[in-house]
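Data first, discussion second: the structure below is written as structure tokens.
Sequential numbering from 1 along the given sequence is applied to the chain's residues. Computed over heavy atoms, backbone and side chain alike; hydrogens, waters and symmetry mates excluded.
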Amino acid sequence: MSQELPTPTPKRSKVIPLVKPERDLAWQVAPTLFTSFRYAWMGISYAFVTQRNFRIHVCLGSIAIGFGLLLKASVVELAVIGLTIGLVLAMELLNTAIESVVDLTVKQTYHELAKIAKDCAAAAVLVAAIAAVLVAGCILFPKVWVLLLQIF
């Protein structure tokens, strides 16, 4: 006694339109590359205006780059400092996004998982900031030390 297996019916493939429809709302896919950059700039502007820590990181990053230029750091050293500053700023933006989504989800109520999500996002910023300070210190401190030895 043999059993016959049912033959699968072929699925119809979806037809993808060649022309994207116009989408003017921010929650939809941006219609142009320029619009995508504008949305990204709006996110940076929002973080700078509303997030104290983002402003602190921008100021400290600018100071680190200024010291690097003043102490005649090499291009590679400045690039490494710049990358770590970018990492901290990106983490701060992600932290802001996560906090906003969590706040939207739980509204004004307390939830232990919301606290964990927000605390972990803040911890990611802290880890990136500590790494940036260590990198800048390793690059700039020897140059400051040499300068101080020349002065005294």
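Residues L149 and F141 share a single hydrophobic cluster, defined by chaining ILVMFWY side chains whose heavy atoms lie under 4.5 Å apart. One hydrophobic cluster holds both I139 and I65 under the rule that ILVMFWY side chains link at heavy-atom gaps under 4.5 Å. No single ILVMFWY cluster, assembled from side-chain heavy atoms under 4.5 Å apart, contains both M42 and F34. I151 is connected to V144 through a chain of hydrophobic side-chain contacts under 4.5 Å among Ile, Leu, Val, Met, Phe, Trp and Tyr, so both are in one cluster. Taking hydrophobic clusters as Ile, Leu, Val, Met, Phe, Trp and Tyr residues chained together by side-chain heavy-atom distances below 4.5 Å, I130 does not share a cluster with I56.
Atom OH in Y39 sits 6.0 Å away from atom OG1 in T35 (nearest 0.5 Å). Rounded to the nearest 0.5 Å, atoms CG (L70) and CD1 (I63) are 12.5 Å apart. If you take CG on L78 and CG on L140, they are separated by 8.5 Å, rounding to the nearest 0.5 Å. In this structure, F67 CZ and L71 CG are separated by 7.5 Å, a value rounded to the nearest 0.5 Å. If you take CZ on F48 and CH2 on W41, they are separated by 9.0 Å, rounding to the nearest 0.5 Å. Rounded to the nearest 0.5 Å, atoms CG (L89) and OG1 (T84) are 9.5 Å apart.
In terms of heavy-atom proximity, I98 sits nearest to A117 at CG2-O, 4.1 Å. Here the closest non-hydrogen pair linking L93 and A47 is CD2-CB, 3.4 Å. Nearest heavy-atom pair, A124 versus M91, reported as atom, atom and distance to 0.1 Å: CB-CE, 3.1 Å. Counting all heavy atoms, side chain and backbone alike, G137 lies closest to P142 at O-CD, 3.7 Å. Here the closest non-hydrogen pair linking V102 and A114 is CG1-CB, 3.4 Å.
With sequence neighbours left out, the side-chain hydrogen bond (donor to acceptor under 3.5 Å, both in side chains) criterion links E112 to Y110.
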**Prompt:** Does the side-chain contact (heavy atoms from CB on, under 4.5 Å) test come out yes or no for L60 and V88, once each step is laid out?
**Reply:** CA-CA 11 Å; L60 291 176; V88 172; over 6 Å; no
**Intermediate values then yes/no, side-chain contact (heavy atoms from CB on, under 4.5 Å), T109 and V106** = CA-CA 6 Å; T109 61; V106 298; 4.0 Å; yes
**Request:** Start with the C-alpha gap between L104 and V101, add the side-chain angles, then the distance that decides, and say whether side-chain contact (heavy atoms from CB on, under 4.5 Å) holds.
**Result:** CA-CA 5 Å; L104 176 68; V101 169; 5.5 Å; no
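Legend: side chain to side chain donor-acceptor pair (under 3.5 Å) pairs involving residues 91-103, not counting sequence neighbours, sorted by first then second residue: H57-E92, D103-K118.
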